[in-house]
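A note on names: the letters A, B, ... follow the listed sequences, proteins ahead of strands, and every chain is numbered from 1. Treat the numbers as computed from the prediction; the structure is a model and nothing was measured.
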Amino acid sequence: MRVSKLFMSTQREVPSDAEIVSHQLMLRAGLMRKAAAGIYSYMPLGYRAYRKVEAIVREEMDRAGAQELIMPAVLPAETYMASGRWEKFGPEMFRLKDRGGRQFCLGPTHEEPFTEAVRDTIRSYRNLPVTLYQIQHKYRDEKRPRFGVVRSREFVMKDAYSFDVDEAGLDKSYLNMKEAYCKIFDRCNLDYILVDADSGAMGGSGSQEFMVKSAVGEDAIAYCPSCDYAANEEKAPCPKVEAPKDVEMLEMEKIETPHVKTIEELMEFMKSEPTAFAKTILYNIDGKIVAVMVRGDREINETKLGNLFDATEMNLASFEEVERVTGAAVGFAGPCGLKEKIEVIADYEVAAMTNFIVGANETDFHFKNVNIGRDFTPDRIVDVRGAVEGDPCPKCGKPMSMCRGIEVGHIFKLGTKYSDALHCIYLDKDGKENSMIMGCYGIGVSRTLAAIIEQHYDENGIIWPMSVAPYQVIVVPTTSQDETVVKMANEIHDALEKAGAEVLIDDREERAGVKFKDADLIGIPIRITVGRKAAEGKVEYKLRAGSEVVEMTAEEAIAAALKEIEASK
RNA sequence: CGGGGUGUGGCUCAGGUGGUAGAGUGCUUGCUUCGGGAGCAAGAGGCCGCGAGUUCGAGUCUCGCCACUCCGACCA
C-alpha cells in the first residue's frame with residue numbers, strides 16, 4: 001500500500017478533549033474520529049488494527065468450539081420484558097419507536113435473544129451443551145462516556161453464551177472459555193490479570209474479570225504479590241478481626257461536639273486517630289432504612305452492602321430520612337438511641353473495637369467509650385468495607401497490594417436466571433423438563449484495542465505488537481528524487497507484499513523527518529529505510545520497539561522482516 | 001444525576017471596556033532545501049454552537065437552548 005494513497009491524516013497536536021494516552025494517540029495517528037460523545041468511526045488504519053483483534057478473538061472462539069452467529073442490534077421491547085430488564089436497564093438503554101409506535105431498543109447486551117434462540121431450537125439434552133457467540137455493536141447510553149473507546153456508548157463486544165444440562169457442564173464450558181480468553185489476551189500482548197469479580201446484576205454464582213493493568217483503569221484491584229490471588233476491590237473479602245482481650249470497658253460518656261460532623265473534624269476535635277471512631281451511615285435499601293457502621297478510616301463498599309440485602313435499589317438516605325431516624329442533623333448518627341427501630345449492620349472491624357466514639361443521635365453530641373454488647377448490639381456483623389492496601393490475602397494471609405485495571409473481558413456463571421425467566425428448558429433422559437444452565441462471556445473488542453495502546457507506546461507514538469499492527473512493515477525511501485532509492489524501495493515493497501507481508505511504502509513527497517515521525521506515530525513494527533547507502537546496495541532495518549538501526553542489504557532486510565513476522569505468530 | 005469549564009478556519013488557541021475576525025500549525029502554488037515534523041514568498045479557507053433580546057451596530061452585553069468536556073455519584 002502506498003502511503004500517498006492511504007486515507008490517513010496524522011496530527012501534530014493533541015486534540016483538546018483527549019485525556020488518556022490511548023485516546024490521544026488514536027486521534028493523533030488518525031485511527032478514528034469522533035462523531036458524538038462516546039461514538040467513534042474507525043479510519044482505515046484503525047479499522048485494520050481493530051480487525052486484527054477481532055480476528056484473534058474469532059479464531060480462538062472457533063477453536064474453543066463456540067459457534068458464531070449474529071443477532072440484530074435493534075431489538076423489540078418484548079425480548080427484554082420477560083426478564084425484567086426492559087425496566088431494569090433504565091435510562092442506560094437507547095430506546096426507539098417504529099412508525100407504528102412499537103417500542104425497540106439498541107441492544108445493550110444479548111442474554112435474552114440468545115436464550116430465546118436456544119429455547120426455540122433445542123429441546124433435548126442430546127443437543128447440549130452448546131456455546132454461541134457474536135461480535136456485535138452494543139449500545140449503552142452511559143452517564144459519562146470517557147477515555148475515547150474505553151468507555152463509549154457504541155462499542156463492539158464479543159459476547160458468548162453457553163448452555164449446559166448441569167453445573168458440572170457449566171464448569172467445563174466456563175473453564176473452556178477462560179482458557180480461550182487467556183490465549184486471546186496473550187496474543188494481543190497484553191499484561192493482564194485474572195481477578196475474582198462480583199457477579200452483580202447479572203446474577204449467578206461466579207465470575208472473573210480480565211483486567212489490563214493500567215493507571216487509568218476504572219476498576220480497583222486487590223492482588224497478592226505472594227500468591228496468585230487477585231480480586232476486584234469490591235469483591236475482595238476483608239477478614240474477621242479478633243477483639244483485643246482484657247480491655248477494660250470504660251464508662252460511656254456523652255460529650256458535646258458542636259458542629260463536628262465529619263471524621264476529619266472529629267479527629268481534630270478529639271485529638272484522636274480515625275481508628276478510634278466508628279462512622280454510622282444510613283442507607284435506603286429498597287425503601288428500608290439501614291444503619292451501616294465501619295471504622296472511621298474505612299469506606300463502605302456498596303457492592304458488598306447491596307449483595308447482603310439482594311438490593312435492586314440502594315442510595316444514601318436523604319437528609320430528611322436521617323433526621324427522622326436519628327432525631328439529629330446529618331453527621332451525628334450512631335447505633336445507640338435511634339428514634340426508629342432499624343437494622344444496624346457492623347463491619348467486622350467495628351465488632352473488634354472497644355471504647356470507641358460514635359454519634360449520639362443528638363445534634364452536636366457524640367458518645368465516647370462505647371462498647372458492643374453493653375451499649376448496643378448490631379443485628380449483623382459482616383464484611384462491608386472495601387479492601388485496602390495491606391489487607392491480608394484471603395488465600396495466603398500475606399499483605400495485598402492494590403492497582404488499577406481496564407476490564408477487557410468478563411466471564412460469568414449465570415445459572416438459570418435467564419433460562420428460568422424465558423422458559424429455556426430441555427428434556428432429560430427421563431423426559432423431564434429442566435432449565436438450561438447458562439454462562440456468559442464478554443470481551444470488549446474496541447476497548448481491547450485501546451488497552452493495547454495503553455501498554456504499548458512511547459513519546460513518539462504507538463508501538464503496535466506485530467499481532468495487531470495495521471501494517472507489519474513500512475518502507476521509507478528518504479527521497480523521491482534519487483532513482484536508485486525509489487527503485488530499491490519499490491522492489492523491497494513488492495517483494496514483501498508478494499511474500500504475504502502487510503507492507504506500506506511511504507512514497508509521499510515529504511522530507512525524511514516527516515516520514516519517520518509518521519511511521520513512529522502510527523506504530524508500524526518494522527521500518528526499512530532506503531537512503532544514502534542505496535547506491536552501495538545497503539538499507540537500514542529498525543524495529544519500532546527498539547532503538548537499534550542495522551545496516552544490511554535489501555535482500556537481508558526482506559528476509560529479516562519476514563522472519564520477524566513469522567516469529568510473532 | 002449534582003457541581004465546574006469550554007464552544008472562533010481541518011487542528012491548537014488569541015480576540016480589555018460593542019465598530020464587521022487574527023496567530024501558529026495544516027492545506028495549495030513557486031523558489032531554495034532535503035536523514036527526525038525545513039526556510040522564504042504568494043494564496044485558499046470562518047452563518048465566531050443555535051435562537052431570541054438590547055443597540056445605529058453584537059465574536060464581545062442579556063436571556064433561553066444545544067453540544068462538548070472535567071470532577072464526583074453511578075455502572076452487565
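For A:Arg511, a side-chain nitrogen or oxygen approaches OP1 or OP2 of B:A38 to under 4.0 Å. For B:C34, the OP1/OP2 oxygens have no side-chain nitrogen or oxygen of A:Thr479 closer than 4.0 Å. Note on A:Arg146: every side-chain N or O is 4.0 Å or more away from OP1 and OP2 of B:U69.
Here A:Glu68 pairs with A:Arg58 in a salt bridge; the nearest charged N to carboxylate O distance falls below 4.0 Å. Look at A:Lys304 and A:Asp383 and you find a salt bridge, because one of the NZ, NE, NH1 or NH2 atoms lies within 4.0 Å of a carboxylate O, short of that distance. Classification of A:Asp196 and A:Lys235 as a salt-bridged pair fails, no side-chain N sitting under 4.0 Å from a carboxylate O. The pair A:Glu111-A:Arg85 meets the salt-bridge criterion, since a charged nitrogen lies less than 4.0 angstrom from a carboxylate oxygen.
Between the side chain of A:Arg144 and the base of B:C74, no donor-acceptor pair of N or O atoms lies under 3.5 Å. Residue A:Asn460 places no side-chain atom within donor-acceptor reach of the base of B:G36, judged by atom type and a 3.5 Å distance cut-off alone. Remark: the A:Glu13 side chain and the B:G24 base include a donor-acceptor N/O pair separated by less than 3.5 Å. Between the side chain of A:Arg28 and the base of B:G26, no donor-acceptor pair of N or O atoms lies under 3.5 Å.
The nearest heavy atom of RNA chain B to A:Pro15 and to A:Asp219 marks one nucleotide each, and the one closer to the 5' end goes with A:Pro15.
Within 4.0 Å of A:Met157, counting heavy atoms only, lies at least one base atom of the nucleic acid. Looking at heavy-atom distances under 4.0 Å, A:Val14 makes contact with sugar-phosphate atoms alone, never a base. Residue contacts shown for A:Lys34 are limited to sugar-phosphate atoms, with no base heavy atom under 4.0 Å away. Heavy atoms of A:Thr478 sit under 4.0 angstrom from at least one base atom. In this structure, A:Glu218 reaches neither bases nor backbone, as no heavy-atom distance under 4.0 Å exists between it and the strands shown. The residue A:Pro108 sits close to a base: some heavy atom pair falls under 4.0 Å. Contact annotation for A:Arg33: no contact, since no heavy-atom pair falls under 4.0 Å across all strands.
Pairs engaging residues 537-556 of chain A under the ring-ring contact (aromatic ring centres under 6.0 Å, His included) rule: none recorded [sequence neighbours left out]. The side chain to side chain donor-acceptor pair (under 3.5 Å) analysis of residues 436-446 of chain A, with sequence neighbours excluded, yields the pairs A:Ser162-A:Tyr441.
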Symbol by symbol from the 5' end, with Watson-Crick or G-U pairs under 3.5 Å, [ ] crossing and | another strand, RNA chain B is (((((((..((((.....[..)))).((((((.....)))))).....(((((..]....))))))))))))....
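Side chain to side chain, A:Tyr139 and A:Asp141 fail the donor-acceptor criterion of an N or O pair below 3.5 Å.
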